[in-house]
**Q** 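Below is one structure. I have some questions about it.
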Amino acid sequence: MLRVYNTLSHKKEDFQTLEPNVVKMYVCGPTVYSDAHIGHAMSAIVFDVARRYLEYRGYQVRFVMNFTDVDDKIINRANKLGVDPQALAESYIVAFRKHLEDLNVLPATVNPRATQTMDKIQSMIQGLIEKGFAYPARNGDVYFRVTHDPNYGKLSGRKIEDMQAGSRIEVEEEKEHPMDFAVWKAAKPGEPAWDSPWGKGRPGWHIECSAMNLAILGEQIDIHGGGNDLVFPHHENEIAQTECFTGKQFARYWMHNGMLQLQGEKMSKSLGNLVTIDDFLSRHEADALRMMVLNGSYRAPLSYSDGIMDAAERGLDRLRSGLKPASTSASGAPTDVRLALDKQAEATQQTFIEAMDDDFNSSGGLAGLFELVRTVNTARDAGASSAELNPAQDTLRTLTGVLGLRLGEKKASGGDADKFISLLVEVRTEMRKQKLWGMSDLVRDRLKELGVSIEDSKDGTTWHW
RNA sequence: GGCGUCGUGGCCAAGCGGCAAGGCAAGGGUCUGCAAAACCCUCAUCACGGGUUCAAAUCCCGUCGACGCCUCCA
């Protein structure tokens, strides 16, 4: 039985879907106004793993990730650069899509955009006004009436009174209550604007997610995800709008990932302490970032550092070691070794499911995989043939695949250099045959300095970057 | 100030009432011409102080500390 930690109840709950075998899942994507950083990547990876695991467990997942492509930040940035806000947003959407692909994040079933959901946004606002949950103000904005929602604050555990006390919000004259928030914003001259019953304007920050959910997944969904910095106000307001509009419970499970930190602080655009996805991928393989995320708990904050990346990359190598083929001289492993291998493959699968069923405990799942790796390697050393190794290696491949790891051969980034390296290695093999150890070691050491590792074995010599 | 998450070996980290998973690093060994890889062995009583229990890293109370949110943010 899968259990999922629900921010709404602060507990792990049994996972039950609205419809049998179907999961309706919505994850908040980025507001596209600048280069995405690895914190965004972490969030995408976390929910990609959840999605892959749900599919592995037999669910059909309708996975929606939105792009918020109209927003103050986008407008400001576009004005600064002197470009069209829509064009700016579009370029970042293209870039982000490419990043997701590079990071092996499965494509969403749908990627809706705020600007393409305008009808639904407006009909929702209209509905909220009719029900008394929203009101147009004299300045052309439309505000959500917080005090009319008895459940307001249930996700973040805040009370309207508490927030008022510590509030640093500038109180808009036009608001009935300081905590009321805009569902529609009147356009200033030169800003992107859409016609509406309340005058030209654009959606407020939270309404677009409510509307996109409604338009694509319906009134009720199973899982709503995002970074935990979105709990308040974004998700709180989303719940308020949607539930007041439909009169039904919106999302059953709210999942939030912890923040990626750099030197003890949240990595964020405003703090400027970030590593962009481009930066990261120019120095590491995509699997390494995923490995780093998988090694921890998705809800806990994660500190990015060279040390942690190093460990992630070594761990990746270790997983890969389990997939290496049988020795060409393999003549079959002893019975006890073969039995142990089968048994471990079985045990690993079980451990994996138990761990992942417990709120996607990837680190626990990984532990089982490492044990399988050791058993496979032991069997290979004991002379297991590829036929004997195959079933266990298939299990390993399947389960690492569920985590979204590709474990491909390390890229021979050298391009043209590769064939020269191969030549060098070939020559070295000849030297070794003639027992010219000094020369062979020199070649090996010098290549090592250049980033090329050589491994000699009974089956011959292999090398990799 | 309010709300919330958390504090496990040198580092990352699982465990959530019954002898402390796993990875990285380190040390010793097997293998190897020597290495590397692989394999074997070694390496913690769980921030602190009380309490509950036959039994607590795991539950309760308190202290200290970290981080997030309360303003745009994955």
Side-chain angles (χ1 to χ4, degrees), chain A residues 7 10 12 27-31 33 36-47 65 71-73 76 153 155-159 161-170 179 205 225-234 236 256-261 264-271 291-292 294-297 299-303 305 307-319 321-322 324 351 355 358 361-371 373-374 376-382 432 435-438 440-441 444-445 448 453-458 461-464:
Chain A
T7 307
H10 307 295
K12 288 179 192 170
V27 175
C28 283
T31 299
Y33 72 94
H37 56 74
I38 54 179
H40 298 111
M42 173 185 172
S43 190
I45 289 169
V46 162
F47 292 105
M65 195 194 73
D71 157 274
D72 292 357
K73 292 235 157 180
N76 292 340
L155 180 70
S156 54
R158 291 153 212 260
K159 296 184 180 68
E161 310 84 71
D162 293 345
M163 288 187 282
Q164 234 184 319
S167 175
R168 276 175 273 160
I169 300 168
E170 271 180 56
M179 291 310 297
W205 175 35
N228 69 9
D229 53 350
L230 295 180
V231 172
F232 190 90
H234 186 54
E236 190 70 72
H256 292 98
N257 65 277
M259 292 294 102
L260 187 65
Q261 298 175 199
E265 270 186 318
K266 181 174 104 168
M267 188 176 286
S268 81
K269 293 178 186 177
S270 27
L271 289 171
M291 191 64 181
M292 179 184 85
L294 292 170
N295 185 45
S297 148
R299 286 191 282 132
L302 176 57
S303 274
S305 68
I308 212 170
M309 278 317 305
D310 213 51
E313 286 180 326
R314 300 304 218 92
L316 229 35
D317 283 342
R318 183 147 180 76
L319 287 178
S321 78
K324 288 181 180 165
T351 313
D358 182 14
N361 177 355
S362 51
S363 143
L366 230 31
L369 296 182
F370 282 116
E371 266 161 45
V373 165
R374 186 183 310 117
V376 168
N377 288 339
T378 300
R380 189 192 301 100
D381 285 355
R432 290 185 67 228
K435 300 199 194 300
L436 299 171
W437 308 128
S440 331
D441 291 353
R444 185 175 60 199
D445 294 346
K448 182 79 195 170
S453 303
I454 284 185
E455 291 171 19
D456 299 320
S457 78
K458 294 184 207 73
T461 300
T462 56
W463 67 271
H464 64 82

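For clarity, every value in this text was computed on a predicted model and none was experimentally measured. Residue numbers begin at 1 in each chain, while the letters A, B, ... track the order of the sequences. In what follows, every heavy atom counts, from backbone to side chain, and hydrogens, waters and symmetry copies are set aside.
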**Q** In whole Å, I'd like the distance from the CZ atom of A:F370 to the P atom of B:rC39.
**A**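 Value for this atom pair: 11 Å.
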**Q** May I ask you to say what A:K448 touches in the nucleic acid, namely base, sugar-phosphate or nothing, with a heavy-atom cut-off under 4.0 Å?
**A**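 Since no nucleic acid heavy atom lies under 4.0 Å of A:K448, the category is nothing.
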**Q** Using the P atom as the reference point in each nucleotide, state the distance between B:rG33 and B:rG27 in Å, no decimals.
**A**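 After rounding to an integer number of Å, I get 24 Å for this pair.
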**Q** Does the side chain of A:R299 get closer than 4.0 angstrom to OP1 or OP2 of B:rG68 through an N or O atom?
**A**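 It does not, given that no N or O in the side chain of A:R299 lies less than 4.0 Å from OP1 or OP2 of B:rG68.
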**Q** Could you tell me which nucleotide pairs with B:rU71 by Watson-Crick or G-U wobble geometry, both distances under 3.5 Å, or answer none if nothing does?
**A**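 Its partner: none found.
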**Q** With nearest nucleotides of RNA chain B determined for A:D456 and A:G227 from heavy-atom distances, which residue corresponds to the more 5′ nucleotide?
**A**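 Whichever sits nearer the 5' end wins; that is A:D456.
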**Q** Is the distance from OP1 or OP2 of B:rA25 to the nearest side-chain N or O of A:R314 less than 4.0 Å?
**A**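 Looking at the OP1 and OP2 atoms of B:rA25, one of them is under 4.0 Å from a side-chain N or O of A:R314.
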**Q** Please state how far atom CG in A:L155 lies from atom C1' in B:rC70, giving the value in whole angstrom units.
**A**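 In whole Å, B:rC70 C1' and A:L155 CG are 13 Å from each other.
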**Q** Between A:T378 and A:C28, which residue's closest nucleotide on RNA chain B lies nearer the 5′ terminus?
**A**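 Closer to the 5' end of RNA chain B: A:T378.
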**Q** If I pick the P atom on B:rU63 and the same atom on B:rC54, what distance separates them, to the nearest angstrom?
**A**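 28 Å, rounded to whole Å.
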**Q** Provide the distance between the two C1' atoms, one in B:rC46 and one in B:rC19, to the nearest whole Å.
**A**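 My reading of the C1' atoms in B:rC46 and B:rC19 gives 15 Å.
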**Q** Which nucleotide, if any, forms a Watson-Crick or G-U wobble pair with B:rC19, using both distances under 3.5 Å?
**A**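 Paired with B:rC19, as far as the under-3.5 Å criterion goes, is no nucleotide at all.
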**Q** Please determine whether a side-chain nitrogen or oxygen atom of A:R432 lies at a distance below 4.0 Å from atom OP1 or OP2 of B:rA35.
**A**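 Answer no for this pair, as no side-chain N or O of A:R432 is under 4.0 Å from OP1 or OP2.
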**Q** Ignoring hydrogens, what is the shortest heavy-atom contact between A:K324 and A:R380? Give both atom names and the distance.
**A**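 Heavy atoms only, the tightest pair is O-NH2, 2.8 Å.
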**Q** Heavy atoms only, 4.0 Å cut-off, all strands: where does A:T351 land among base, sugar-phosphate and nothing?
**A**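 The answer is nothing, as A:T351 stays clear of every strand by at least 4.0 Å.
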**Q** Tell me whether the side-chain N/O atoms of A:K159 come closer than 4.0 Å to OP1 or OP2 in B:rC70.
**A**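 Checking A:K159 against B:rC70: no side-chain N or O falls below 4.0 Å of OP1 or OP2.
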**Q** Just how far, in rounded Å, is P of B:rC72 from CG of A:D71?
**A**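 One finds 10 Å between P of B:rC72 and CG of A:D71, rounded.
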**Q** Does any N or O donor sit under 3.5 Å from an N or O acceptor when you compare the side chain of A:D441 with the base of B:rG33?
**A**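 Looking at the base of B:rG33, it does pair with a donor or acceptor on the side chain of A:D441 (distance under 3.5 Å).
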**Q** Rounding to an integer number of angstrom, what distance separates B:rA57 and B:rA47 when you compare their P atoms?
**A**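 Result for the P pair: 10 Å, nearest Å.
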**Q** Rounding to an integer number of Å, can you tell me how far A:L294 CG sits from B:rG22 C1'?
**A**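 Rounded to whole Å, this separation is 13 Å.
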**Q** For B:rC70 versus B:rC43, give the span between their C1' atoms, rounded off to a whole number of Å.
**A**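 Each nucleotide's C1' atom is 45 Å from the other's.
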**Q** Should B:rC48 form a Watson-Crick or G-U wobble pair with both distances under 3.5 Å, which nucleotide is its partner?
**A**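 Across any shown strand, B:rC48 pairs with B:rG62.
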**Q** Side chain of A:K324, heavy atoms from C-beta onward: which of B:rA37, B:rG22, B:rU5 has the nearest atom to it?
**A**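 The listed nucleotide nearest to A:K324's side chain is B:rA37.
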**Q** Starting at atom CG of A:D310, determine the distance to atom P of B:rC11, rounded to an integer number of angstrom.
**A**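 About 16 Å, once rounded to whole Å.
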**Q** Report the distance from atom CG of A:D358 to atom C1' of B:rU58, rounded to the nearest whole Å.
**A**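 Those two atoms, CG and C1', are 14 Å apart.
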**Q** Which value, in whole Å, describes the distance between the C1' atoms of nucleotides B:rU8 and B:rA56?
**A**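 14 Å, rounded to whole Å.
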**Q** Using the C1' atom in both, what is the distance from B:rU58 to B:rG18, to the nearest Å?
**A**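 After rounding to an integer number of Å, I get 11 Å for this pair.
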**Q** Could you check which of B:rG68, B:rC70, B:rC40 has an atom nearest any side-chain atom of A:N228?
**A**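 When the side chain of A:N228 is considered, B:rG68 is the closest of B:rG68, B:rC70, B:rC40.
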**Q** For A:N257 and B:rC67, what is the distance between atoms CG and P respectively, to the nearest whole Å?
**A**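 In whole Å, B:rC67 P lies 19 Å from A:N257 CG.
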**Q** For a side-chain contact (heavy atoms from CB on, under 4.5 Å) check, start with the C-alpha distance between A:T462 and A:S457, then their side-chain angles and the critical distance, and finish with the verdict.
**A** CA-CA 8 Å; A:T462 56; A:S457 78; over 6 Å; no
**Q** Check the distance between B:rC72's C1' and A:H37's NE2 and give it to me in whole angstrom.
**A**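 After rounding, the gap between these two atoms is 12 Å.
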**Q** Tell me which nucleotide among B:rC72, B:rA38, B:rC69 gets nearest to the side chain of A:D229.
**A**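 Minimum distance to the A:D229 side chain belongs to B:rC69.
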**Q** Determine whether any donor atom in the side chain of A:R158 lies under 3.5 Å from an acceptor atom in the base of B:rC69, or the reverse, and answer yes or no.
**A**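 Yes, a donor-acceptor pair under 3.5 Å.
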**Q** Among B:rA74, B:rA21, B:rG15, which nucleotide has an atom closest to any side-chain atom of A:A367?
**A**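 When the side chain of A:A367 is considered, B:rA21 is the closest of B:rA74, B:rA21, B:rG15.
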**Q** Report yes if a side-chain nitrogen or oxygen of A:N361 is closer than 4.0 Å to either non-bridging phosphate oxygen (OP1 or OP2) of B:rG15; otherwise report no.
**A**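 For B:rG15, OP1/OP2 do have a side-chain N/O of A:N361 under 4.0 Å.
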**Q** If only side-chain N and O atoms of A:N377 are considered, is one of them under 4.0 Å from the OP1 or OP2 phosphate oxygen of B:rC39?
**A**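 Yes, because at least one side-chain N or O of A:N377 sits under 4.0 Å from OP1 or OP2 of B:rC39.
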**Q** Between A:D445 and A:K448, is there a salt bridge with N-O shorter than 4.0 Å?
**A**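 So A:K448 does not pair with A:D445 through a salt bridge.
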